[in-house]
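Below you'll find the structure, written out as C-alpha cells, and then a few comments.
Chain A is the first sequence line, chain B the second, and so forth, proteins listed ahead of strands; every chain is numbered from 1.
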2 protein chains.
Amino acid sequence: MNNKLLQETRMKRYFIEATRNILRSEGLKGISVRNIAKDAGYSYATLYNYFNDVRDLVFECVKDFQHECEVDISNKVEGKSAGIERLKAISKAYVEYFLEYPGIFELFYIEKMSAYGNSKESARLIYHFLDRICQPDWDFYAQKMKLNSDFIERLKDQLRFTLTGMLLFYLNRSSPDNYAEFIQVLEQQLNYIWE
Amino acid sequence: MNNKLLQETRMKRYFIEATRNILRSEGLKGISVRNIAKDAGYSYATLYNYFNDVRDLVFECVKDFQHECEVDISNKVEGKSAGIERLKAISKAYVEYFLEYPGIFELFYIEKMSAYGNSKESARLIYHFLDRICQPDWDFYAQKMKLNSDFIERLKDQLRFTLTGMLLFYLNRSSPDNYAEFIQVLEQQLNYIWE
DNA sequence: CAAATATAATTAACACTGTTCACAGCTCAA
DNA sequence: TTGAGCTGTGAACAGTGTTAATTATATTTG
C-alpha cells in the first residue's frame, strides 16, 4: 500500500521536474502536455493519470520556485543589517529574480489558475510570499520605530503592490523604457516607503 | 484611390467591432480568429488581408476601450471638487471599470503584445493612461501644496503601480478574499498616497 | 508455476487553435 | 471583351489539451 504512494509521488516528481526545467529555460510559452511528457520520458496521456490537467501540474511547481527564489534572496542579502537596509536589499533581490526568470513571474502572478483543487491555497501562498521573507525585518522595523501593526500591514501591502505592479509593466509592457530607468523608479519608490 | 482606403478602414472596423463585443462579454478567452470572423460576417482567412495577426487586431481595440473607460470615469466623478477628492474618485472609478470588465484589464496589462508594429506606442499609451486622466488634478494638487514635479511624478508612479498591482492580485489570484476587504485595502492605500 | 485479474502506459481520435496558400469570383482599365 | 489585379474563401498544416479504447505490464489467485 505504501509502495503505491511512493511510486505515485515518484511519477509525479518526474513530470514536475520536466515542467520546472521547461519553465526555467523557456517560460510558459514552452509548456505543452506533449513537451512535458517527452522530457519526463512518458506518453502525454500518462500525465493525466497523475494530474487533473496541465495547469494543476504547472502550479505544483510554484512551491519549488518559491523556495529557490527564497534561497536566491538569502544569498544576495547576506551581511546586510536587519531592518530597512535588509528590507530594501530583499526587495531588490526579489525584483532581480523575476527579471532573470520572467517565466516564473508569469507563473506566479499572471497565469490563470484552474478553478478548483489547491488553487486558493496557491493564491494565498503567492500573495504573502514577499511578506514571509520580510517578516523578521518588518518586526525589527516596527519595534525600533514603535509602529503599530496596522501601519506595518499597510506598508507590506504597499511594497507588494508596488513591486508586482512595476514588474508587470516592465516585463509585459516594456515600461519604463530601459533597465536604468526601471531601477531609478524602483529606488524612488523604495526610499519613500521607509520615509 | 480614396475609395480603396475607405473600404479598407470599413472592413477593419467590422473586425474590430466584432472583437470588441467578444472582449466585453467573454474576455480574451472568447477570442479566436474563427469566432471574430463569424461575428464580423466574413471568413477567418479574410481577417489576414487586413491584420498581420490576431494580436494586432486585438490591440487595435485598446484605444477604443481607453476612451470608453475615460467616459465612464468622467461620468462617475462628475461633481467632485478638483484635487485630492477627485483624484480618489478617479482612482476608484478606474478600479471599478476593470472589476466590471476583467477581460479589458487582461487586454491592457496582461496579454502579450506582438513584437513589432505599434506595440511600443500601445505600451506607452497604457502605461500613462491613468496619468492622463488625472493630469488636471495632479496640477491642481501640486500648485495648492507647492510640491515640485519630481515629487508628483513619484506619486503618479505609486498610484499606477498600486492600483495595477491590487487589480492583478484581486482579479488573477483572488486576493484579498472578498470585495469588502479589497475595497478596505484600496482605501488605506489611497488615503496614504495623499497623506 | 500458470492463469486470471487488476493496473498502468500508450495510441488513436476529437475538437479546438492560428496561420498560410492556392484558387474562385469580381472589378476595372486597356 | 479581354486580361490583370484585387478580394474573399475553403482546404490544409502544424500545433494545442483532453478523453476513450486498447495494449502492455504487474499482481494476485488457483
Side-chain angles (χ1 to χ4, degrees), chain A residues 1-19 22-23 25-61 103 106-107 110-117 119, chain B residues 1-19 22-23 25-61 103 106-107 110-117 119:
Chain A
M1 292 303 125
N2 213 330
N3 268 356
K4 200 178 165 83
L5 196 90
L6 178 70
Q7 285 162 16
E8 190 179 316
T9 54
R10 265 212 276 259
M11 286 294 289
K12 279 196 161 192
R13 215 50 213 159
Y14 297 145
F15 284 106
I16 289 171
E17 278 306 315
T19 309
I22 296 172
L23 282 173
S25 56
E26 303 174 65
L28 270 165
K29 70 180 187 302
I31 290 288
S32 85
V33 178
R34 286 163 176 81
N35 244 344
I36 295 169
K38 199 177 66 185
D39 282 22
Y42 288 92
S43 164
Y44 51 85
T46 308
L47 192 150
Y48 290 91
N49 292 335
Y50 299 94
F51 301 92
N52 289 328
D53 56 48
V54 70
R55 273 216 275 265
D56 270 12
L57 167 53
V58 166
F59 271 97
E60 289 264 2
C61 302
E106 239 181 305
L107 170 62
I110 289 176
E111 174 69 357
K112 294 266 174 301
M113 308 171 72
S114 39
Y116 295 115
S119 71
Chain B
M1 292 303 127
N2 215 329
N3 269 355
K4 199 180 165 80
L5 195 89
L6 178 69
Q7 284 161 16
E8 190 179 316
T9 54
R10 266 213 274 260
M11 286 294 288
K12 280 194 161 193
R13 244 313 177 244
Y14 297 147
F15 284 106
I16 290 171
E17 279 305 315
T19 308
I22 296 173
L23 282 173
S25 56
E26 302 174 65
L28 270 165
K29 69 179 188 302
I31 290 287
S32 85
V33 178
R34 284 163 176 81
N35 244 345
I36 294 168
K38 199 177 68 186
D39 282 23
Y42 288 91
S43 164
Y44 50 85
T46 309
L47 192 150
Y48 290 90
N49 292 335
Y50 299 94
F51 302 92
N52 289 329
D53 55 47
V54 70
R55 272 216 275 266
D56 271 12
L57 167 53
V58 166
F59 271 96
E60 288 265 1
C61 302
E106 238 182 306
L107 170 61
I110 289 177
E111 174 69 356
K112 295 266 173 300
M113 307 173 71
S114 39
Y116 295 116
S119 70

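A straight line from CG of B:D56 to P of C:dG18 spans 14 Å, rounded to a whole angstrom. The distance from atom OH of B:Y50 to atom C1' of D:dT7 is 6 Å, rounded to the nearest whole Å. The distance from atom CD1 of B:I36 to atom P of C:dT17 is 11 Å, rounded to the nearest whole Å. Taking atom OH on B:Y48 and atom C1' on C:dC23, their separation rounds to 19 Å, with Å as the unit. A straight line from CZ of B:F51 to P of D:dT7 spans 14 Å, rounded to a whole angstrom. As a whole-Å value, the separation of A:D53 CG from D:dT18 P is 5 Å. Rounded to a whole Å, the CZ atom of A:F15 is 13 Å from the P atom of C:dA8. Rounding to whole angstrom units, NZ of residue B:K29 and P of D:dG17 are separated by 19 Å.
Nearest heavy atom pair, residue B:F51 against residue B:L57, reads CZ-CD1, 3.6 Å. Taking all atoms of both residues into account, the shortest heavy-atom contact from B:V33 to B:Y48 is CG2-OH, 3.6 Å. Closest heavy-atom contact between A:F59 and A:K112: CE1-O, 3.6 Å.
Both A:R34 and A:S43 sit near DNA chain C, but only A:S43 has its closest nucleotide nearer the 5' end.
Of the candidates D:dT7, D:dG10, C:dG18, the closest approach to any side-chain atom of B:A45 belongs to D:dG10. When the nucleotides C:dT17, D:dT18, D:dT7 are ranked by their closest atom to the side chain of B:S32, C:dT17 comes out on top.
Between A:Y42 and A:Y14, the ring planes are parallel. Angles under 30° get that label, and only those over 60° would be called perpendicular.
Residue B:T46 is in base contact, counting any heavy-atom pair closer than 4.0 Å across all strands shown. Across all strands shown, A:Y42 has heavy atoms under 4.0 Å from sugar-phosphate atoms exclusively, and none from any base.
Judged by distance alone with a 3.5 Å cut-off, a donor-acceptor contact links the side chain of A:Y44 to the base of C:dA12.
Side-chain contact check for A:R55 versus A:E111: some heavy-atom pair is nearer than 4.5 Å.
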